[in-house]
There are 2 protein chains.
Amino acid sequence: MEQMIQDASPIFAGLDDRARLAILSAARPHVLKARDVLAREGEPARTFHVVQLGHLKLSRVSLDGNEIVLRFVGPGEPFGGVVAVGDATYPLTATAAEPTRTLGWSRAVLEELMSAHPRLRTNIVSQISRHLSDALTRVQEVTSDRVEQRVARALVRLAAHGGVPTPHGVDIAHPVTRDELAGLVGTTLFTVSRLLARWETDGLIASRRRRITVLSPDRLAALAESPANRS
Amino acid sequence: MEQMIQDASPIFAGLDDRARLAILSAARPHVLKARDVLAREGEPARTFHVVQLGHLKLSRVSLDGNEIVLRFVGPGEPFGGVVAVGDATYPLTATAAEPTRTLGWSRAVLEELMSAHPRLRTNIVSQISRHLSDALTRVQEVTSDRVEQRVARALVRLAAHGGVPTPHGVDIAHPVTRDELAGLVGTTLFTVSRLLARWETDGLIASRRRRITVLSPDRLAALAESPANRS
DNA sequence: CGTCTCTTTGAAACGCGTCAATGGCTGTGG
DNA sequence: CCACAGCCATTGACGCGTTTCAAAGAGACG
């Protein structure tokens with residue numbers, strides 16, 4: 001049953017069951033507690049991972065301690081595609097946002113698997129390319145949108161990407177602090193706190209400590225496109 | 001002689017002369033006037049290019065007309081690596097910053113060449129991966145550095161990457177407007193103009209219309225690391 | 001039950017965008 | 001060859017969104 005999760009991974013697109021099985025059986029599982037670091041930016045990239053359970057937070061930390069969050073990686077999603085490229089080091093740091101399990105392939109094993117299943121290489125490279133495009137979009141948004149729009153958009157995306165539907169709205173699947181949300185859009189935790197407070201009184205979202213539920217994705221999406229007419 | 005330029009291209013790393021010749025002879029030249037558009041963001045990616053002469057400006061334009069510049073591509077450098085990945089569309093727009101010549105390979109031809117010379121594929125993918133890493137750095141810088149630092153860093157990079165040494169300093173190799181510089185670091189042409197004016201009186205740079213010479217890369221680099229102590 | 005992490009809220013300062021108006025190159029056409 | 005028309009650059013004043021700093025409250029975990 002649990003295997004279903006990995007079968008849905010973009011990494012396995014276009015591969016038949018036999019290939020998937022061969023690839024999966026070559027993996028070594030990794031178990032992480034919340035806040036465990038799976039890989040550190042700049043470190044030699046040795047292992048390619050696919051998340052089985054839980055979430056990884058991908059981030060970069062600058063010298064002055066400022067952390068920017070790039071994205072969260074959930075079940076079925078890969079991390080460490082650079083291993084396939086032959087590049088030497090991870091471009092960012094991966095931390096478990098909650099208790100997390102991954103499947104890992106060493107560089108040598110992965111190389112062998114990619115030779116046997118060329119489509120696997122294609123899929124991984126394709127992911128890298130998509131993330132490049134995403135990063136470009138991020139640069140564009142950070143430089144041309146206001147903080148309010150960016151926070152709204154971040155929430156919409158977090159809800160859409162791995163959100164858990166509930167009777168009232170969509171729960172964001174993993175714990176997120178105000179601070180992380182700030183790092184995700186390039187602002188401070190104070191500004192995020194103020195925005196969320198306002199949106200909560202307006203009924204757009206509900207939030208508990210480290211948990212956020214999006215009640216009205218539509219109205220949030222509207223905010224993401226044009227700043228609020230301050231009421 | 002001119003072939004030397006392409007021989008130095010990262011695309012040809014690890015390929016012998018025979019392979020290079022085979023690849024080069026399959027190319028079709030493209031000639032662009034200043035401001036000609038080679039490829040548009042979102043357009044189906046059909047052709048992979050290597051610049052022979054001149055410079056391409058890679059940018060994205062948002063709906064409201066705001067342009068962000070990602071980088072400039074000079075002689076020997078590739079554009080359109082996504083063609084190798086099989087992705088459908090260009091992630092950004094390429095415009096000739098000045099009269100420019102490129103060599104182009106169609107998707108089909110490139111696919112064939114990459115099969116014959118696997119190292120070619122590796123090289124292209126490796127470039128994509130490097131650009132991803134660069135883009136992540138950009139995201140980080142835009143969200144945590146001040147405008148002054150970013151402009152200074154942009155100048156240092158433009159000078160280092162394809163700058164032309166002169167008796168007094170380093171000329172930036174291609175025409176850059178204040179507006180483009182603004183798009184490169186995510187600010188307005190006004191702020192850029194003010195900063196350049198100040199740096200010019202301080203003797204850090206010299207500038208003519210659309211041309212900038214970096215006189216003191218060191219002092220600029222210092223500004224990039226910590227904001228100026230306003231004098 | 002205490003400690004640590006996460007969150008809230010206020011007040012003040014400031015960087016930078018925005019708007020407006022002017023001035024200087026450049027190359028194109030009469 | 002000169003003059004006009006664009007394009008590019010400069011400079012000032014103003015306002016606003018955000019950051020910064022400070023202080024205190026609330027939830028979670030051992």
Side-chain angles (χ1 to χ4, degrees), chain A residues 33-35 57 62 64-69 95 97-99 141-152 172 174-201 205-212 223 226-230, chain B residues 33-35 57 62 64-69 95 97-99 142-152 172 174-201 205-213 223 226-230:
Chain A
K33 301 188 300 292
R35 290 172 206 227
K57 177 181 75 177
S62 55
D64 59 353
N66 214 315
E67 177 183 51
I68 67 154
V69 179
T95 317
E98 54 182 334
E141 288 173 355
V142 169
T143 57
S144 59
D145 293 346
R146 299 224 206 130
V147 169
E148 182 179 17
Q149 300 175 265
R150 307 207 302 270
V151 176
I172 287 169
H174 47 83
V176 196
T177 66
R178 303 287 184 270
D179 210 359
E180 284 167 344
L181 207 46
L184 195 56
V185 302
T187 181
T188 62
L189 78 122
F190 306 101
T191 302
V192 169
S193 178
R194 279 183 242 271
L195 286 171
L196 293 193
R198 192 161 88 219
W199 292 340
E200 185 143 22
T201 68
I205 63 166
S207 80
R208 301 178 293 299
R209 170 179 246 236
R210 278 166 73 85
R211 289 284 169 185
I212 301 174
L223 281 184
S226 64
N229 316 337
R230 306 295 266 78
Chain B
K33 302 189 299 292
R35 292 172 206 227
K57 178 182 75 178
S62 54
D64 59 355
N66 215 314
E67 178 183 50
I68 68 157
V69 179
T95 317
E98 53 182 336
V142 170
T143 57
S144 59
D145 293 347
R146 299 226 207 128
V147 168
E148 182 179 18
Q149 300 176 264
R150 305 207 303 268
V151 176
I172 286 169
H174 47 83
V176 196
T177 65
R178 303 285 184 271
D179 210 359
E180 284 167 345
L181 206 46
L184 196 54
V185 303
T187 180
T188 63
L189 77 125
F190 306 102
T191 303
V192 169
S193 178
R194 279 182 241 271
L195 287 170
L196 294 192
R198 191 161 90 221
W199 292 340
E200 185 144 22
T201 69
I205 63 166
S207 79
R208 302 178 293 299
R209 169 179 248 234
R210 279 166 73 85
R211 288 285 169 187
I212 300 173
T213 304
L223 281 184
S226 64
N229 316 339
R230 306 294 265 80

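From a predicted model like this one, the values you see are computed outputs, not experimental measurements. Every chain is numbered from 1, with letters handed out A, B, ... down the list of sequences.
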Inset, instruction - Output, in order, the C-alpha distance, side-chain angles, deciding distance and verdict of side chain to side chain contact (heavy atoms under 4.5 Å, CB included) for Glu180(B) and His174(B). - result: CA-CA 12 Å; Glu180(B) 284 167 345; His174(B) 47 83; over 6 Å; no
Inset, instruction - Just call it for Leu196(B): base, sugar-phosphate, or nothing, with non-hydrogen atoms closer than 4.0 Å on any strand. - result: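 Nothing, no heavy atom under 4.0 Å.
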Given atom [atom1] of [X] and atom [atom2] of [N], what is their separation to the nearest angstrom?
X         : N       : atom1 : atom2 : result
Glu148(A) : dC16(D) : CD    : C1'   : 14 Å
Asp145(A) : dG17(D) : CG    : P     : 15 Å
Asp179(B) : dC25(C) : CG    : C1'   : 17 Å
Arg146(B) : dT18(D) : CZ    : P     : 17 Å
Arg198(A) : dT9(C)  : CZ    : P     : 13 Å
Arg35(B)  : dC8(D)  : CZ    : C1'   : 10 Å
Arg210(B) : dA9(D)  : CZ    : C1'   : 12 Å
Ile205(A) : dT7(C)  : CD1   : C1'   : 13 Å

Inset, instruction - Note the angle between the end axes of the helix from dC1(C)-dG30(D) to dG30(C)-dC1(D), five pairs defining each, rounded to 10 degrees. - result: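 For the helix from dC1(C)-dG30(D) to dG30(C)-dC1(D), the axes at opposite ends meet at about 40°.
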What heavy-atom pair brings [X] and [Y] nearest, and what distance separates the two atoms?
X         : Y         : value
Asn66(A)  : Ser144(B) : ND2-CB, 4.4 Å
Val176(A) : Leu181(A) : CG1-N, 4.1 Å
Val69(B)  : Lys57(B)  : CG1-CG, 3.8 Å
Val185(B) : Val142(B) : O-CG2, 4.4 Å
Arg178(A) : Ser207(A) : NH2-OG, 3.1 Å
Pro175(B) : Ala97(B)  : CG-O, 3.9 Å

Inset, instruction - Apply side-chain contact (heavy atoms from CB on, under 4.5 Å) to Arg146(A) and list each qualifying residue two or more places apart in sequence or on a separate chain. - result: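 Once residues adjacent in sequence are excluded, the partners of Arg146(A) under the side-chain contact (heavy atoms from CB on, under 4.5 Å) criterion are Gln149(A), Pro227(A).
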Inset, instruction - Do nucleotides 20-30 of chain D as a string where each nucleotide becomes B, S or -: B if the base has a protein heavy atom under 4.0 Å, S if just the sugar-phosphate does, - if no protein is that close. - result: BBB---BBS--
Inset, instruction - Could you work out which one of dT7(C), dT10(D), dC16(C) sits closest to the side chain of Ser193(B)? - result: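 So the side chain of Ser193(B) is nearest to dT10(D).
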Inset, instruction - Could you grab the distance from atom CG of Leu223(A) to atom CZ of Arg150(A), nearest 0.5 Å is fine? - result: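 If I round to the nearest 0.5 Å, the distance is 14.5 Å.
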Legend entry - Residue-phosphate contact under 4.0 Å: Arg178(B) side-chain N/O, dC8(D) OP1/OP2: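 Answer is no, no contact under 4.0 Å.
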Inset, instruction - Determine: side-chain N/O of Thr187(B) to OP1/OP2 of dC16(C), distance under 4.0 Å, yes or no. - result: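 Looking at the OP1 and OP2 atoms of dC16(C), neither is under 4.0 Å from any side-chain N or O of Thr187(B).
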